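Below is one structure; the comments refer to it alone.
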Amino acid sequence: MMDFEKIKEVSDKAFFPTYNRFPAAIVRGEGAYVYDSTGKCYLDFLSGIGVTGLGHAHPGIVEAICNQAKNLVHISNLYFMPPQTELAAELTALAGLERVFLCNSGAEANEAAIKLARKYSNITHEEGRTEIITLEGSFHGRTLATAAATGQAKVKSGFEPLPGGFRHVPPGDFETLAAAVSDKTCAIMLEPILGEGGVVVLPDAFLQKVRALCDERDILLIMDEIQVGMGRTGRPFAYQWTGITPDVMTLAKALGGGLPIGAMLAREKYAPILSAGSHGTTFGGNPVACSAGLVVLAHLRDEAFLANVLKMGDRIRAGLNNLKEQFPFIETIHGRGLMVGMTLATPCGDMVRRAFEKGLLINCTRESVLRMLPPLIISEKEVNEMLEILISVFEDGI
Ligand SMILES: *Cc1c(COP(=O)(O)O)cnc(C)c1O
C-alpha cells in the first residue's frame, strides 16, 4: 500500500478538488472506531455522514454482503431478485407507505420524488402545475434538479441554468409557506430535521399545518428522510414523531448499512404514475445492497436497539448541556435521538480539525453548528470518550 504522503500527493493530482479532506487515509473500522493507514484510531461520531448506522464491520452486515456476493452481485431490474423483494415488502410495511422505487443514492431518490409529484399533478390537475416549495437552508442533493430544490446557494452557484419550478421559504414559518402556495404548486418537500441546514428540528405543529394544507389542495408532501430516517431519531422514521404521514418519503444514507442504496416510497394512490418504462435505473435495488439493508431493517424492528438510540442521544445532549457553563461560546444543543447539533457563537471549522487530531470525527454545518451523527450502536463508554475529547478541544480555545 502507498504511504499516506504518496496517497495525498496522487489524490491531489488525480481528483477534482471537490473535497477538503482531512489528512488521513482510513483503512479499517470496527464498531464506533476507524483506523488510518498509520494505525491511528478515531472515534467515529459522524458515521460517514449518517451512513454506517450499525457501525463499522457489523458482523450481520458483513455476513449478508458476503453470502449474497457468492450467489449474485447484479442482475437487471428486468428480473425479480429475492433480497430486493424482501426489502421492498419490509420497508413499505415499516414506513406505512405502500409503494417503493429503489435507486442508488439520496439525490436519485429525491429526483424520483420530484418526477412523481410533477407527473401526478400534470395528469391529475391542469398541466403546468409543477412548482415545488422547499425550505431555505435545506439540502436535497447535487443533481441539477435536487440542487435546484436545495435551499443553499453554494450548491447551485455557477451551474445555472438549473431546472426551474422550485421556490424556497424559511423553515418553520407556516404563514409564509401558505402564502407561497399557488395553483402552480404540486408539492412541498422538506426534511423533518434539516441536516446540512444546521440540525434544525421543524416543530410538529408546523408539519401538521403543512399536512393539512397539502390535503386541502391535493399537494404532495414529500419528506426527505435521507439523513434523519432509518432509526437515527430513535424511531424508524422521523415523521413518526410528528403525528402526520407524508405522501412520499425518500431514504438513502443508512438504508444499506454502508452500501449505496436509495428509496422513494409513496402512498398507493401514486402507484400508477411511474408506469412501466417511465422511470428506472440500472443498479437501483442491487441485491448485495438490499441484503445489507435487510439487516438494517431487522434492527429497526428491535425495541432495545431504538431505546439505545434515545438513551445515548439524551446522554449526549445532557453531557453537552453540562459544558455550557464552562464554555460560554456554546449557545444551544438541538436535534433528536442521535442526530445532534450544537450551535456555537463562533465558527467551528478549526475545532473540528483539532477534534480530528485528537481522534474524534465530527463535523460542522452552517459555519457554527457542530454536528454529531454517531453510529446507533454506541455505548455510554463511547459517549463519555467523545465528551472527554470535546472538552479538551474546547479547553484549547475557539
Ligand atoms: C445526503 C443527503 C442527500 C443527498 O444524498 P446523496 O446520496 O449524497 O445523493 C439528500 N437529502 C438529504 C437530507 C441528505 O442528507
Side-chain angles (χ1 to χ4, degrees), residues 16 18-19 46-53 95 101-117 132-152 154-156 159 162-163 166 168 171 187-202 207 221-233 237-239 242 246 248-265 281 283-286 289 292-293 296 334-341 362-366 369 371-374 376:
F16 280 99
T18 45
Y19 308 108
L46 198 54
S47 310
I49 318 202
V51 170
T52 44
F101 176 81
L102 294 174
C103 52
N104 309 288
S105 69
E108 277 182 36
N110 284 338
E111 284 275 341
I114 292 165
K115 287 175 78 173
L116 176 71
I132 299 177
I133 299 178
T134 71
L135 302 181
E136 289 168 10
S138 63
F139 182 78
H140 298 296
R142 292 182 183 275
T143 59
L144 287 170
T146 58
T150 291
Q152 298 189 45
K154 70 172 183 201
V155 174
K156 313 174 194 244
F159 299 117
L162 298 173
F166 294 93
H168 309 295
I188 296 172
M189 173 152 131
L190 50 81
E191 302 156 80
I193 304 175
L194 284 79
E196 306 308 304
V199 195
V200 177
V201 184
L202 293 176
L207 291 170
L221 176 55
I222 303 170
M223 281 207 192
D224 177 342
E225 293 230 15
I226 290 164
Q227 192 167 135
V228 295
M230 305 307 294
R232 175 66 44 201
T233 63
F237 308 106
Y239 84 75
T242 67
V248 178
M249 175 170 69
T250 53
L251 299 171
K253 293 204 159 88
L255 175 56
L259 290 195
I261 181 168
M264 187 275 291
L265 293 116
T281 158
F283 287 118
N286 169 275
V296 176
H334 39 102
R336 202 164 226 170
L338 284 173
M339 182 159 183
V340 181
I362 51 177
N363 95 328
C364 177
T365 69
R366 294 244 119 175
V369 181
R371 177 176 50 169
M372 298 182 193
L373 298 164
L376 310 182

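This one's a predicted model, so the numbers in the text were calculated from it and none came from an experiment. Along the sequence shown, residues carry numbers from 1. Indexing begins at 1, ligand by ligand and atom by atom, following the structure's order.
- Atoms of ligand 1 lying under 4.0 Å from at least one heavy atom of Ser105, given by number and element, are 7 (O), 9 (O).
- Protein heavy atom at the shortest distance from atom 3 (C) of ligand 1 is Phe139 CE2, 3.6 Å.
- For Ala252, no heavy-atom contact with ligand 1 is shorter than 4.0 Å.
- In Glu191, the part holding a heavy atom less than 4.0 Å from any atom of ligand 1 is the side chain.
- Remark: ligand 1 atoms within the under-4.0 Å shell around heavy atoms of Ala107 are 4 (C), 5 (O), 6 (P), 9 (O).
- Residues Phe283 and Asn104 come closest through the heavy atom pair CB-OD1, 3.1 Å.
- Contact check for Val340 versus Val199: no side-chain heavy atoms found under the 4.5 Å cut-off.
- Taking every heavy atom of Asn110 and a limit of under 4.0 angstrom, the matching atoms of ligand 1 come to 10 (C), 11 (N).
- In summary, the atoms of ligand 1 found under 4.0 Å from a heavy atom of Asp224, numbered by their order in the structure, are 10 (C), 11 (N), 12 (C), 13 (C).
- Contacts of Lys253 with ligand 1, taken as heavy-atom pairs under 4.0 Å, involve the side chain alone.
- One distance of note links CZ of Phe237 with CD of Glu225; it measures 7.0 Å at 0.5 Å rounding.
- No side-chain heavy atom of Pro260 sits less than 4.5 Å from a side-chain heavy atom of Lys253.
- In this structure the side chain of Met264 never reaches within 4.5 angstrom of the side chain of Lys115, judged on heavy atoms.
- In terms of polar-atom proximity, defined here as any N/O pair under 3.5 Å, Gln227 does make such a contact with ligand 1.
- Contact annotation for atom 8 (O) of ligand 1: protein absent (non-hydrogen atoms, distance under 4.0 Å).
- Met230 places a side-chain heavy atom less than 4.5 Å from the side chain of Leu251.
- Here the rule is side chain to side chain donor-acceptor pair (under 3.5 Å) with Asn110, and of Thr150, Thr146, Thr134, Thr250 only Thr250 fits it.
- Atom-to-atom distance recorded for Leu373:CG and Met339:CE is 6.0 Å, nearest 0.5 angstrom.
- Taking only non-hydrogen atoms, the option from Pro260, Gly195, Gly106 nearest to atom 5 (O) of ligand 1 is Gly106.
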